[in-house]
Amino acid sequence: MDNLAKAVERFGKDKASDRKPVGKVLPLAEQLVATLGELPDVKKISYCGSLKRMRESIGDIDLLVAASKSRSEERRVGKECRSRWSPYH
């Protein structure tokens, strides 16, 4: 996960524009989905939003996660991901 966190951090430092080309974002999104999908309580995960629609430029990576734990546990995991990996939080 450390390598993934570093990749997200580097991605967030590119401030040329708030939006990034889909070709730059897709590999990172796929890595996020693969890595988070290995967590024991994650039952299903996918990216969504402008990335799923394959827009030319992407402002952020939206993920949908279904977990076997309670709704509050899903929210905790979501908050942890945002605080760890989002350049916007």
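Every heavy atom of this structure was used, including side-chain atoms; hydrogens, water molecules and symmetry mates were not.
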task = Evaluate the side chain to side chain contact (heavy atoms under 4.5 Å, CB included) criterion for residues Glu30 and Val33: first the C-alpha distance (whole Å), next the side-chain angles of each, then the deciding distance (0.1 Å), finally the verdict.
result = CA-CA 5 Å; Glu30 289 173 342; Val33 167; 5.7 Å; no
query = According to the side-chain hydrogen bond (donor to acceptor under 3.5 Å, both in side chains) rule, which pairs have a member within residues 49-59, sequence neighbours left out?
reply = Arg19-Ser57
Rounded to the nearest 0.5 Å, how far apart are [atom1] of [X] and [atom2] of [Y]?
| X | Y | atom1 | atom2 | value |
| --- | --- | --- | --- | --- |
| Leu26 | Lys20 | CG | NZ | 15.5 Å |
| Ile45 | Thr35 | CD1 | OG1 | 9.0 Å |
| Tyr47 | Asp62 | OH | CG | 12.5 Å |
| Leu51 | Asp60 | CG | CG | 9.5 Å |

Lys24 to Pro27 - nearest heavy-atom pair and separation = O-CD, 3.7 Å
ask   = Can you name the closest pair of heavy atoms from Leu36 and Val42 and give their distance?
value = O-CG2, 3.4 Å
task = List in chain and number order the residues that pass side chain to side chain contact (heavy atoms under 4.5 Å, CB included) with Leu64, two or more places apart in sequence or in another chain; answer none if no residue qualifies.
result = Ser46, Cys48
